[in-house]
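Single-structure report; data block below.
Basis for what follows: all heavy atoms, side chains included, without hydrogens, waters or symmetry-related copies. Remember, it's 1-based here, ligands and their atoms both numbered in the order they're listed.
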Amino acid sequence: MARPVTLIPGDGIGPEVTQAARTVADATGVALAWEVVEAGEAAIKSSGTPLPEAALESVRRNRLALKGPITTPIGGGFRSVNVALRQQLDLYASVRPARAIAGEGTRFPLVDLIVVREATEGLYAGVEHWVDRDHTAAETVNVITRKASDRIVRFAFELAKKQRRRRVTGVHKANIMKTTGALFQTAFQAIAKEYPTIPSDERLIDNMCMQLAKKPEEYDVLVTTNLFGDILSDLCAGLAGGLGIAPGGLYGDGLAVFEPVHGSAPKYAGQDKANPVAEILSLEMLLRHIGETEAADRVWRAVWETVAEKKVVTYDLALPGYTDRPVPPSSCSAMAKEIARKVPLVDLAAPLPRAGSAGRPGGAALDPALET
Ligand code: NAD
């Protein structure tokens, strides 16, 4: 029986990159029954609301979703659908792996980080108001609870245990934010004691950013509050090679939604130009979540080999800034088809090829340091 999965194509480049992920999902042979629901701009047109109850109902029923990005107008207009979705479904843990792919597009070819971000409260809880009638002053309330802090820190340590990660770092600003920061810090220290075999430490958010910019390879799992996590995950995505390759997963109790870190990139909408890798790697996370480990491994390796070969890659992976070997860019759908073609063919036991090695004198050289 095919496993039902809610599919939210979303806005902008969302429909293109989710279609790309479906192409790759088909190639894995895993039986998934996609239940397509609207949210975002399309839903406003058809049902007057960006987050129809039918979309929420579908995710609640299937307990599993793959989502494209959804546009949030800056300032006025409707509230962020993404924030609303997380709160309505209590998707409290946002997990964003930042892994360099084939050493491409990064000064840190070995970077392999996971940002675990609390996704329901903090400065994104939506508790904010204008202080005066003239809108010259405003306040946003930073809501931090011990319950949510314990829950996210425990989630990070459980993830580290399951994935055999080497270290968990708690990130906060407890020296200045004496109540909210200290509350998160206290939770981190208490839960860390429950996992004595997993090394753990703490960093202040500002120092963390500096450390990541200098030596990201030294860090592993980072756990933090909502706003810091949002910023850190984009920073880590950049360190690993850019938004186009950064996937994400949102986890609640018995329920998970997978989506790329990037937004709807409206300027590329409908052009079949956007990089599909972030959405395809979100599918990889979904496959791991449902226990389809071999299919997930095949997707990861097919992406790696396609990026390393650099024959069929989108514009962002073909630019001179990303590679020392610029190539003509391919379309989003062409890159997805190339990844899908490789999925059944990849040899899971072979060492992963190094960036740009294919087609060079000496053939596909292998770099043991880049093996995973
Ligand atoms: P963005 O991620 O859409 O774009 C940032 C830059 O990265 C742009 O130059 C864009 O063209 C490029 N880019 C993004 N994804 C790409 C891809 N797959 N391939 C190639 N290039 C890519 O961020 P933004 O411009 O700040 O946001 C646009 C809209 O998306 C906003 O309305 C924002 O609120 C929304 N957004 C949604 C989500 C989500 O649904 N989870 C996340 C972030 C932003």
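Atoms of ligand 1 lying under 4.0 Å from any heavy atom of Lys267, numbered from 1 in the order shown and given with element: 9 (O), 11 (O). Using a 4.0 Å cut-off to heavy atoms of Tyr315, the atoms of ligand 1 that qualify are 20 (C), 21 (N). Close approach of ligand 1 to Glu259 is summarised as follows: ligand atoms under 4.0 Å from at least one heavy atom of the residue are 41 (N). Interface of Asn82 with ligand 1, defined as ligand atoms under 4.0 Å from a residue heavy atom, comprises 37 (C), 38 (C), 39 (C), 40 (O), 41 (N). Listed by number with element, the atoms of ligand 1 under 4.0 Å from a non-hydrogen atom of Thr71 are 32 (O). Below 4.0 Å from some heavy atom of Tyr268 lie the following atoms of ligand 1, by number and element: 11 (O). If you number the atoms of ligand 1 from 1 as listed, the ones under 4.0 Å from a heavy atom of Ala265 come out as 3 (O), 10 (C), 11 (O), 14 (C). Taking every non-hydrogen atom of Ile70 and a distance limit under 4.0 Å, the qualifying atoms of ligand 1 come out as 35 (C), 36 (N), 37 (C), 39 (C), 40 (O).
The heavy atom nearest to atom 16 (C) of ligand 1, out of those in Ile13, Thr72, Leu243, is found in Ile13.
Proximity of the aromatic rings of Phe155 and Tyr251 is defined here by a centroid distance below 6.0 angstrom, and this criterion is met. Taking the ring centroids of Phe228 and Phe184, they lie at or beyond the 6.0 Å cut-off.
Other residues, nucleotides and ligands place more than 12 heavy atoms under 6.0 Å from the CZ atom of Arg166.
No donor-acceptor distance shorter than 3.5 angstrom exists from the side chain of Asp90 to the backbone of Gly252, with no hydrogens or angles considered. A donor-acceptor pair is defined here as one N or O able to donate and one able to accept, closer than 3.5 Å; such a pair exists between the side chain of Asp347 and the backbone of Ala349.
Judged by the 6.0 Å distance and 45° axis criteria, Arg99 is positioned over the aromatic ring of Trp300.
For ligand 1, the polar-atom distance check against Gly263 finds a nitrogen or oxygen pair separated by under 3.5 Å. Looking at Val261 next to ligand 1, no N or O pair under 3.5 Å apart turns up.
Glu284 and Ser282 share no side-chain donor-acceptor pair at under 3.5 Å.
Taking a cutoff of 4.0 Å between a charged side-chain nitrogen and a carboxylate oxygen, Glu194 and Arg154 qualify as a salt bridge.
At least one heavy atom of Lys67 sits closer than 4.0 Å to an atom of ligand 1.
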